[in-house]
Asks: 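Right, I'll just put the structure down here and ask away after.
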Amino acid sequence: MSEERRFGPKGPAVRRTGQLALAALAVAGLAGAVLVACGGGSGGGGSAVALPPASAPATAASSPAAAAASTPASTLSLAAQVGQKMFFDKNLSGSGAMSCASCHDPAHAYAPANDLSVQLGGVHMDKAGLRAVPSLRYKDITPAYADLLDNPDGISVPGPGGGFAWDGRADTLAAQARIPLLDPLEMANASSADVVKKLQAADYAPLIAKAFGEKVFDDSDAAFAKALQALQAYQLEDRSFHPYSSKFDLYAANKIGGNLTPAETRGLKVFTNPATGNCASCHYQGAGLNGSSALFTDFSYEAIGVPRNANIPANNDLKYFDMGVCGPLRTDHAPAAPNAANSFCGMFKAPTMRNVATRQAFFHNGVMHSLEQVIRFYNTRDTRPELWYPTVGGTPKEKNDADFPAYGLITTQYTGGKVKKFDDLPPAYVPNIDTQLPMDGRAAGSAPPMSEQDIADLICFLNTLSDADTKPATPVKPGACVN
């Protein structure tokens with residue numbers, strides 16, 4: 001793999017990417033909204049997995065009737081109907097208290113209904129996961145993982161991209177579904193055979209036989225593979241997993257209700273401008289792979305040095321580091337030895353921005369809990385690192401200065417000491433950190449790339465990416481996104 005990572009090129013190359021994004025958006029405005037994107041994952045272990053089609057992660061409950069704009073069961077294939085039953089079946093967990101819908105709530109864009117950084121699971125529902133649970137919406141066009149995946153923008157160099165889970169270790173929705181079903185921190189089944197026994201005892205077992213044949217349960221391994229295919233079929237066929245019902249979709253299709261306000265229009269420019277937000281360099285919204293468009297992700301992986309989350313129990317071990325593509329949950333890209341050179345360390349998937357304003361936990365470790373905080377982190381990670389990372393050796397002030405911002409993770413101001421920047425990545429892998437704007441490594445104390453107006457406008461635009469059946473996690477103040 002080239003030392004120049006997918007978005008490694010700086011200067012003119014980055015500017016070209018931003019300009020392309022603007023042009024692509026103009027095309028999207030004429031062509032209309034379309035297909036889908038991105039992937040995620042929470043816990044689980046093992047190498048990259050490739051299984052026959054199917055999928056769905058896991059954790060606490062919802063009703064099939066609650067699935068907004070879901071496709072009538074009668075129009076789903078038999079396999080998808082089985083997948084729908086499985087998705088809401090708590091009996092398919094070791095605890096008997098968790099279904100896929102527990103963490104992927106249809107009423108919350110198939111994401112968690114709470115603001116926990118990681119969800120609880122396990123046989124007794126008392127085990128904390130290792131990563132934040134992503135939404136399951138807009139994943140049907142996600143390509144399989146590749147170390148050198150072509151970038152849909154047509155300009156950026158190929159690099160790590162595609163796949164499911166935060167580290168891309170599953171190549172299909174089916175393979176991704178296997179992870180939570182067997183993960184001891186999630187649905188905690190003892191084995192795939194254990195899952196099959198539960199399916200055989202389920203009241204919808206006749207439907208399974210109708211979908212896959214009367215002898216489907218004769219071979220346990222084959223039956224488990226069919227079950228994963230069923231979960232995948234449900235997510236691919238049911239339109240509630242990719243409704244394309246946002247204001248942006250109306251805008252892109254030139255339909256009534258899609259007129260962007262001045263604030264939203266400015267926010268769109270911040271999103272695409274390589275000199276300010278530069279969001280489109282990773283959350284690409286133009287014509288994409290496999291005929292897709294407006295997915296707001298390019299399926300790439302980036303190392304941005306998200307702060308360590310002390311609320312994840314695994315992080316109590318100071319020697320433990322979640323480094324994404326290079327492990328420890330994914331094992332096929334692990335360093336040859338501790339701290340050995342490895343350009344994959346610290347890389348996590350760039351998720352779709354669709355429904356981002358509805359989320360309550362952000363990044364792979366759920367360390368932040370508001371969209372505004374995330375944007376401010378991007379804007380001031382380098383210029384005000386003391387707001388995001390711990391200060392070592394300093395003296396806490398009895399009272400913060402009046403101009404000390406309150407939006408960071410660190411709410412106590414220090415005098416002296418040293419900011420321990422990139423505290424969730426071993427020093428050997430800090431060179432892997434991407435230095436694209438707005439995180440371009442500019443000196444502490446210098447001006448950030450986005451102004452207060454830019455931040456406000458960007459939030460307004462990102463709210464236009466929320467589907468019609470969702471609610472914002474932080475409602476925008478009346479009138480704030482108009483002029």
Side-chain angles (χ1 to χ4, degrees), residues 7 17-18 21-22 24-25 28-29 33-40 108-111 132 134-142 151-153 161 166 241-252 260 264-274 276-289 292-302 304 306 348-364 366 368 370-379 436 438-439 450 454-455 457-468 470 472-474 476 481:
F7 294 108
T17 301
L22 282 167
L25 190 60
V34 238
L35 307 173
V36 210
C38 207
H108 291 81
Y110 288 98
S135 166
L136 285 182
R137 275 192 175 169
Y138 301 106
K139 297 192 182 299
D140 55 327
I141 305 298
T142 302
N151 195 287
D153 70 20
W166 283 103
F241 286 96
H242 31 83
Y244 291 96
S245 60
S246 70
K247 181 177 183 178
F248 176 83
D249 292 308
L250 296 175
Y251 161 76
L260 299 185
E264 292 164 350
T265 301
R266 291 193 304 269
L268 172 79
K269 292 179 180 178
V270 174
F271 186 90
T272 58
N273 188 347
T276 53
N278 199 30
C279 313
S281 65
C282 295
H283 301 287
Y284 181 64
Q285 82 293 343
L289 303 177
S292 64
S293 180
L295 296 185
F296 290 89
T297 179
D298 58 9
F299 312 105
S300 68
Y301 291 79
E302 314 299 330
I304 63 172
V306 174
F348 292 90
K349 174 177 280 188
T352 176
M353 290 291 95
R354 284 180 170 271
N355 294 306
V356 68
T358 71
R359 289 198 62 84
Q360 300 178 71
F362 296 83
F363 296 118
H364 70 278
M368 296 181 198
S370 77
L371 180 58
E372 179 182 352
Q373 188 175 51
V374 170
I375 293 172
R376 290 190 179 279
F377 169 67
Y378 273 93
N379 200 40
Q436 268 195 115
M439 297 174 164
M450 286 184 280
D454 288 337
I455 292 171
D457 292 339
L458 180 56
I459 291 173
C460 289
F461 170 69
L462 291 175
N463 269 274
T464 71
L465 305 183
S466 297
D467 288 316
T470 65
T474 304
V476 177
C481 291

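Numbers for residues simply follow the sequence, beginning at 1.
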Asks: Compare every heavy atom of Ala294 with every heavy atom of Phe248, then report the nearest pair and how far apart it is.
Replies: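 The pair with the smallest heavy-atom distance is CE2-CB, 3.9 Å.
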Asks: Check whether any side-chain N or O of Thr464 sits under 3.5 Å from a backbone N or O of Cys460 as a donor-acceptor pair, and report yes or no.
Replies: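 It does not hold such a pair.
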Asks: Considering residues at least two apart in sequence or located in another chain, which fulfil the salt bridge (charged side-chain N to carboxylate O under 4.0 Å, His left out) criterion with Asp454?
Replies: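 In terms of salt bridge (charged side-chain N to carboxylate O under 4.0 Å, His left out), with neighbours along the sequence ignored, Asp454 is linked to no residue.
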Asks: State, yes or no, whether a side-chain contact exists between Arg137 and Thr470 at a heavy-atom distance under 4.5 Å.
Replies: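 In contact.
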Asks: Between Ala473 and Gln360, what is the shortest heavy-atom contact and its length?
Replies: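 Between these two residues, the closest heavy atoms are CB-CG, 3.9 Å.
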Asks: With Gln373, which residues qualify under side chain to side chain contact (heavy atoms under 4.5 Å, CB included), at least two apart?
Replies: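 For Gln373, the residues satisfying side chain to side chain contact (heavy atoms under 4.5 Å, CB included) (neighbours in sequence not counted) are Met368, Ser370, Trp388, Leu409.
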Asks: Please tell me if the side chains of Ile141 and His242 come closer than 4.5 Å, counting only heavy atoms from C-beta onward.
Replies: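 Not touching, per the 4.5 Å side-chain cut-off.
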Asks: I would like to know whether Leu371 and Thr474 meet side-chain contact (heavy atoms from CB on, under 4.5 Å); could you show each step before the answer?
Replies: CA-CA 8 Å; Leu371 180 58; Thr474 304; over 6 Å; no
Asks: Minimum heavy-atom separation for Cys282 to Ala350, with atom names?
Replies: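 That would be CB-CB, 4.1 Å.
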Asks: For Phe299 and Leu289, run side-chain contact (heavy atoms from CB on, under 4.5 Å): C-alpha distance rounded to whole Å, both residues' side-chain angles, the deciding distance at 0.1 Å, then the answer.
Replies: CA-CA 10 Å; Phe299 312 105; Leu289 303 177; 3.9 Å; yes
Asks: In Å and rounded to the nearest 0.5 Å, what is the CG to OG1 distance from Asn355 to Thr358?
Replies: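 OG1 of Thr358 is found 4.5 Å from CG of Asn355.
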Asks: Can you check side-chain contact (heavy atoms from CB on, under 4.5 Å) on Asp249 and Arg354, steps first, answer last?
Replies: CA-CA 10 Å; Asp249 292 308; Arg354 284 180 170 271; 2.7 Å; yes
Asks: Is it the case that the side chain of Trp166 and the backbone of Pro134 share a donor-acceptor pair, with hydrogens and angles ignored and the cut-off at 3.5 Å?
Replies: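 It does not hold such a pair.
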Asks: Ring centres of Phe296 and Phe271 under 6.0 Å apart?
Replies: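 Between Phe271 and Phe296, which both carry aromatic rings, the centre distance is below 6.0 Å.
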Asks: Okay, side chain of Asp298, backbone of Asn151: is any donor-acceptor separation there less than 3.5 Å?
Replies: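 No, because the side chain of Asp298 does not come within donor-acceptor range (under 3.5 Å) of the backbone of Asn151.
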Asks: Please enumerate all residues that pass salt bridge (charged side-chain N to carboxylate O under 4.0 Å, His left out) together with Arg266, with sequence neighbours excluded.
Replies: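 Per chain and number, Arg266 pairs via salt bridge (charged side-chain N to carboxylate O under 4.0 Å, His left out) with Asp457.
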Asks: Quick one: do the Asn463 and Ser466 side chains pair a donor with an acceptor below 3.5 Å?
Replies: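 The criterion, which ignores hydrogens and geometry beyond distance, is not satisfied for Ser466 and Asn463.
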Asks: Heavy atoms only: give me the nearest Ala468-Ser245 pair and the separation to one decimal.
Replies: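 Minimum heavy-atom separation between Ala468 and Ser245: N-OG, 3.0 Å.
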Asks: Rounded at 0.5 Å granularity, tell me how far CD in Gln436 sits from CG in Asn278.
Replies: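 Reported to 0.5 Å precision, the distance equals 5.5 Å.
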Asks: Which heavy atom of Ile304 sits nearest a heavy atom of Phe363, and at what distance?
Replies: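 Smallest interatomic distance, heavy atoms only, reads CD1-CE2, 3.7 Å.
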Asks: Less than 4.5 Å apart, side chain to side chain, heavy atoms only: is that true for Thr352 and Lys139?
Replies: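 A side-chain contact under 4.5 Å is absent here.
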Asks: Checking Cys279 against Leu458 for the side-chain contact (heavy atoms from CB on, under 4.5 Å) test, could you report, in this order, the C-alpha distance in whole Å, the side-chain angles of both residues, the deciding distance, and whether it holds?
Replies: CA-CA 10 Å; Cys279 313; Leu458 180 56; 4.1 Å; yes
Asks: Indicate the atoms forming the closest heavy-atom contact of Ala357 with Leu462, along with that distance.
Replies: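 Smallest interatomic distance, heavy atoms only, reads CB-O, 4.3 Å.
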Asks: Please find out if less than 6.0 Å separates the ring center of Phe362 from that of Phe377.
Replies: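 No, the ring of Phe362 stays outside the 6.0 Å limit from the ring of Phe377, centre to centre.
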Asks: Can you tell me how far apart CZ (Arg359) and NE2 (His108) are? Round to the nearest 0.5 Å.
Replies: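 Those atoms lie 11.5 Å apart.
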